[in-house]
Amino acid sequence: MSEELSFFNQVYEIVKCIPFGRVTSYGAIAKYLGTAKSSRMVGWAMNNSHVALQNIPAHRVVNRIGLLSGKQHFGTGDEMKKILEKEGLEIVNDQIQNFSHHFWDPQIELKY
DNA sequence: CGATTGACGTACG
DNA sequence: TCGTACGCCAATC
C-alpha cells in the first residue's frame, strides 16, 4: 500500500479506516507498521492529528487495555467517553468494556 | 543545541 | 503474578 507515506501519515490512514463502533490500540497500529516498539509515536501522531487532519477518529484509538488514556486531550470533560458511548461502546471507569470484542485489528481487517 | 516529556508497549526481575 | 526498567522518535522546554 502507500508505503511511501510517512509513519505519521500511515497512522492517519489506518485510524481513518477504523469502522464505526470499533476501537483499536496504539500498539496494534504500530505493529502493523512494523514498529511495535514505537507505539509512543502513534500517540504523538494522534496529538498532531487534530493539526494535520481533523477527520481522524482518534477517540477510537486507546491503549492496549482499552483505557481512555487520551480522554484528557479531547476535552476538559468526558467528551471522548461520550463519543464512544454514542458509538455503542460501554465505558466504565474510563475503560472500554468487552474491549476485545470491539477490538479492530488492522492486520486482520486491512490485511495487506 | 542538550535535556526532558509523551494519547505506549515489551522485557526483565 | 506484580512491579520496575528500557526502548522509540519527535516535539517542546
Side-chain angles (χ1 to χ4, degrees):
Chain A
M1 241 216 320
S2 323
E3 308 215 6
E4 306 194 18
L5 292 173
S6 301
F7 180 82
F8 278 43
N9 237 331
Q10 293 190 43
V11 173
Y12 299 147
E13 289 296 314
I14 295 173
V15 175
K16 283 194 295 185
C17 288
I18 301 176
F20 184 90
R22 288 293 194 88
V23 288
T24 189
S25 64
Y26 306 95
I29 298 173
K31 189 172 291 186
Y32 175 77
L33 296 177
T35 56
K37 291 179 179 165
S38 302
S39 45
R40 272 185 162 160
M41 295 299 86
V42 180
W44 252 113
M46 297 292 96
N47 191 14
N48 275 319
S49 67
H50 76 100
V51 180
L53 299 166
Q54 60 255 67
N55 294 34
I56 305 271
H59 57 269
R60 294 178 187 154
V61 184
V62 295
N63 63 2
R64 74 171 192 87
I65 64 176
L67 189 68
L68 307 188
S69 46
K71 77 155 196 172
Q72 198 67 338
H73 279 263
F74 275 85
T76 53
D78 300 323
E79 192 169 338
M80 184 176 182
K81 178 184 173 187
K82 286 194 289 186
I83 295 172
L84 290 173
E85 284 180 339
K86 188 180 286 185
E87 302 215 350
L89 295 172
E90 187 178 1
I91 315 297
V92 177
N93 195 12
D94 296 333
Q95 190 172 343
I96 300 177
Q97 303 302 297
N98 301 324
F99 177 65
S100 304
H101 181 67
H102 296 290
F103 186 76
W104 181 80
D105 194 343
Q107 285 203 81
I108 297 175
E109 304 296 334
L110 292 179
K111 217 198 291 190
Y112 60 102

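Sequence lines set the chain letters: A, B, ... in the order given, protein chains first and strands last, and positions in each chain run from 1.
Across all strands shown, A/Lys31 has heavy atoms under 4.0 Å from sugar-phosphate atoms exclusively, and none from any base. Counting any heavy atom pair closer than 4.0 Å across all strands shown, A/Asn63 reaches sugar-phosphate atoms only and no base atom. At a threshold of 4.0 angstrom between heavy atoms, the contacts of A/Phe74 include nucleobase atoms, whether or not backbone atoms are also involved.
Nearest-nucleotide positions on DNA chain C for A/Phe8 and A/Ser39 put A/Ser39 closer to the 5' end.
Of the possible polar contacts, one joining the A/Gln97 side chain to the A/Gln95 backbone as a donor-acceptor pair under 3.5 Å is found.
Picking from B/dA7, B/dG9, C/dC9 the nucleotide with the shortest atom distance to the side chain of A/Ser25 gives B/dG9. Distances from the side chain of A/Asn48 to the nucleotides C/dC8, B/dG9, C/dA11 place C/dA11 closest. Here B/dT10 is the nucleotide among C/dC9, B/dT10, B/dA7 with the atom lying nearest to any side-chain atom of A/Arg64.
Atom CD of A/Gln95 and atom C1' of B/dA7 are 16 Å apart (whole Å). One atom, CE of A/Met41, and another, C1' of B/dT5, lie 10 Å apart when rounded to the nearest Å. The OH atom of A/Tyr12 sits 11 Å away from the C1' atom of C/dA10 (whole-angstrom rounding). The nearest whole Å value for the distance from the CZ atom in A/Phe99 to the P atom in B/dC8 is 13 Å. Rounded to a whole Å, the CG atom of A/Leu33 is 14 Å from the C1' atom of C/dC9. Between A/Arg60 atom CZ and B/dA7 atom P there is a gap of 22 Å when expressed in whole angstrom units. Look at NZ on A/Lys37: it is 10 Å from P on C/dC9, rounded to the nearest Å. Atom NE2 in A/His50 sits about 13 Å away from atom C1' in B/dG6, given to the nearest Å.
When only modelled atom types and interatomic distance are considered, A/His59 and A/Glu87 share a side-chain donor-acceptor pair under 3.5 Å.
Between the base of B/dG9 and the side chain of A/Arg40 there is no donor-acceptor pair shorter than 3.5 Å.
Across every non-hydrogen atom of A/Ser25 and A/Arg64, the tightest pair is CB-CA, 3.9 Å. The two residues A/Asn63 and A/Ser69 have their closest heavy-atom pair at N-OG, 4.0 Å.
Residue A/Ser38 has no polar side-chain atom (N or O) positioned under 4.0 Å from OP1 or OP2 of B/dG9.
The existence of a salt bridge linking A/Lys82 and A/Glu85 is excluded, since no basic side-chain nitrogen approaches an acidic carboxylate oxygen closer than 4.0 Å.
Between B/dT5 and C/dC6, the two P atoms lie 15 Å apart (nearest whole Å).
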